[in-house]
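Quick note on labels: first sequence line is chain A, next is B, and so on, each numbered from 1. Values in this document were obtained by computation on a predicted structure and should not be read as measured data.
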There are 2 protein chains.
Amino acid sequence: MLQTTNEMMEGEGPTARQKDVLDAVLRLLVEEGDRLTMTAVARRASCSKETLYKWFGDRDGLLTATVQWQASKVRVPPVDRQGLDLASLAASLERFASDWLRVISSDTSIALNRVAVVHAGSDKRDLGAIVLERGRFALGRRLKPVLEAGSEAGLLEFDDAETAFRTFFGLVARDVQIRLLLGDRLELTDAEIDGDAARATQQFLALHGAKTGPAAP
Amino acid sequence: MLQTTNEMMEGEGPTARQKDVLDAVLRLLVEEGDRLTMTAVARRASCSKETLYKWFGDRDGLLTATVQWQASKVRVPPVDRQGLDLASLAASLERFASDWLRVISSDTSIALNRVAVVHAGSDKRDLGAIVLERGRFALGRRLKPVLEAGSEAGLLEFDDAETAFRTFFGLVARDVQIRLLLGDRLELTDAEIDGDAARATQQFLALHGAKTGPAAP
DNA sequence: GCCGAACCGTAACGTACGGTACGGCCCTTT
DNA sequence: AAAGGGCCGTACCGTACGTTACGGTTCGGC
């Protein structure tokens, strides 16, 4: 085992130049999928392969750094806790839903999920774990406080926030992600995404909204 | 371009011996993921590589034949149309849900979906298309008549059967498939699957069940 | 009992690609 | 201005694997 320098491991974030390289990897990943080669990365990023190996250790290290770099860019916006009426709660949920749909239907996300799925099929489960942690689970951590605030405010009713979140997740994502990963061209427009987000939110509220007594017609 | 014999293309189904080979590929795919090599297949199936290439053309042909072979084995049972009361409808839906969860959480399905996702990332979209066609879309084709029968019987209410199906799909699958593909070990027990199927069915009925008037306590 | 076809096992070929080595350029430091 | 480190470009190495080729074996048909 050679004593490689391998900066980037356990260090503070990537330098500006390294970020450029990682962005190049992202672009190549979208274009080439897992056929991406180190040579192609070096050419696209205008750097030498030697530098790639010095910075990232090996191909997996480069991929891992890329996934983390992208994950660090996707930042789910925090929710303002003030408005606790039904309208603002619904608005928050709808916002989450449309943001999430936009993320999972982006070319970058699809490409990244693909490589993570590939690696999960090998021994290394790292990439899949990172993608899950910064994607699905990060979303859950963000959304749960919102759900619980809604519950405490008497707007929502559920036994378990985790289960409620998974229901919401299912209503939002449905078959979109698996279809995209399997190559189905879904071409979601902004309008469709917003419509789906609204539908999912209404369905979720129908399932978990507090009963306010029957509204007579 | 050599004139290979390439049986299996556009022919009637595989012979018994070929089925044995394809089953060996399935087992290897579960064990090795996409690291599966032609040499390993030949060894495991006790056949020569020459035969593999003669029968299946090339590596992709072998994988395609394998996906189709597995797809031909997963046969969604038809639904008995007779019982049109709410209980039997719910039972049908629940049956679909648990069957589907069992399929997507099986090792074979995960492995197959992984290779299909990989290939969808390349140019070839064949495998992904096959998996979608025989999986997600086949399920939709089976379930829609059930939903429409429920609608005609006044048990369900929805505008569009496709949209209703996707809602059901989302309620059943939630985040299970993507988590499994990304390497999350979910280890669903039969009891959990049945419970999830029942929950999804109840939620779907709550959203799309016909209003029978408020049941006074 | 012989013939040919199908098939097994394995060796060999070609290539693509991960990883390494090296010469030259630029830029900072003194 | 000289020195040295960091990095680019590229040539190179080793290997894994898809694909092909070939000798030996089994088996059904006559």
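Going from atom NZ of A/Lys54 over to atom P of D/dC8 covers 10 Å, rounded to whole Å. For the pair B/Asp58 CG and C/dG14 P, the computed distance is 20 Å after rounding to whole Å. Per the geometry, CG belonging to B/Asp60 stands 16 Å off P belonging to D/dC17, to the nearest Å. Rounding to whole angstrom units, CG of residue B/Asp20 and C1' of C/dC8 are separated by 15 Å. Between the C1' atom of D/dG6 and the CD atom of A/Gln18 lies a distance of 12 Å, rounded to the nearest Å. The CG-C1' distance, from B/Leu62 to D/dT19, rounds to 13 Å in whole Å. Rounded to whole Å, atom P of C/dG9 lies 11 Å from atom CG of B/Leu52.
At a threshold of 4.0 Å, the pair A/Arg44-A/Glu31 counts as salt-bridged, since one of the basic side-chain nitrogens sits closer than that to a carboxylate oxygen. A salt bridge is defined here as a Lys NZ or Arg NE, NH1 or NH2 lying under 4.0 Å from an Asp or Glu carboxylate O, and B/Glu192 with B/Arg199 fails to meet this definition. Using a 4.0 Å cut-off between charged nitrogen and carboxylate oxygen, B/Asp99 and B/Arg95 count as a salt-bridge pair.
Rounded to 10 degrees, the angle separating the terminal helix axes of the helix from C/dG1-D/dC30 to C/dT30-D/dA1, each built from five base pairs, is 10°.
Shortest non-hydrogen contact noted between B/Leu62 and B/Thr66 is O-OG1, 2.7 Å. A pairwise comparison of heavy atoms in A/Ala164 and A/Phe158 identifies CB-CG, 3.8 Å as the closest pair. Across all their heavy atoms, B/Ile178 and B/Asp175 have their closest contact at CG2-O, 3.3 Å.
At the phosphate of D/dT20, neither OP1 nor OP2 sits under 4.0 Å from any side-chain N or O atom of B/Arg59. One finds no side-chain N or O of B/Trp55 lying less than 4.0 angstrom from the OP1 or OP2 phosphate oxygen of C/dA6. Close to C/dC8, at under 4.0 Å from its OP1 or OP2, lies a side-chain N or O of B/Thr51.
Counted by atom type alone, B/Thr167 and A/Gln203 present one or more donor-acceptor pairs between their side chains at under 3.5 Å. Remark: the B/Ser109 side chain and the B/Asn113 side chain contain an N/O donor-acceptor pair separated by less than 3.5 Å.
Comparing C/dC8, D/dT19, C/dG18 by their closest approach to the side chain of A/Tyr53 singles out C/dG18.
With hydrogens and angles ignored, no donor-acceptor pair under 3.5 angstrom links the side chain of A/Lys49 to the base of D/dT10. The base of D/dC8 lies close enough to the side chain of A/Glu50 for a donor and an acceptor atom to sit less than 3.5 Å apart.
Of the residues in residues 28-38 of chain A, none has a non-hydrogen atom less than 4.0 angstrom from any atom of DNA chain D.
At distances below 3.5 Å, at least one donor-acceptor pair connects side-chain atoms of A/Ser92 with backbone N or O atoms of A/Ser88.
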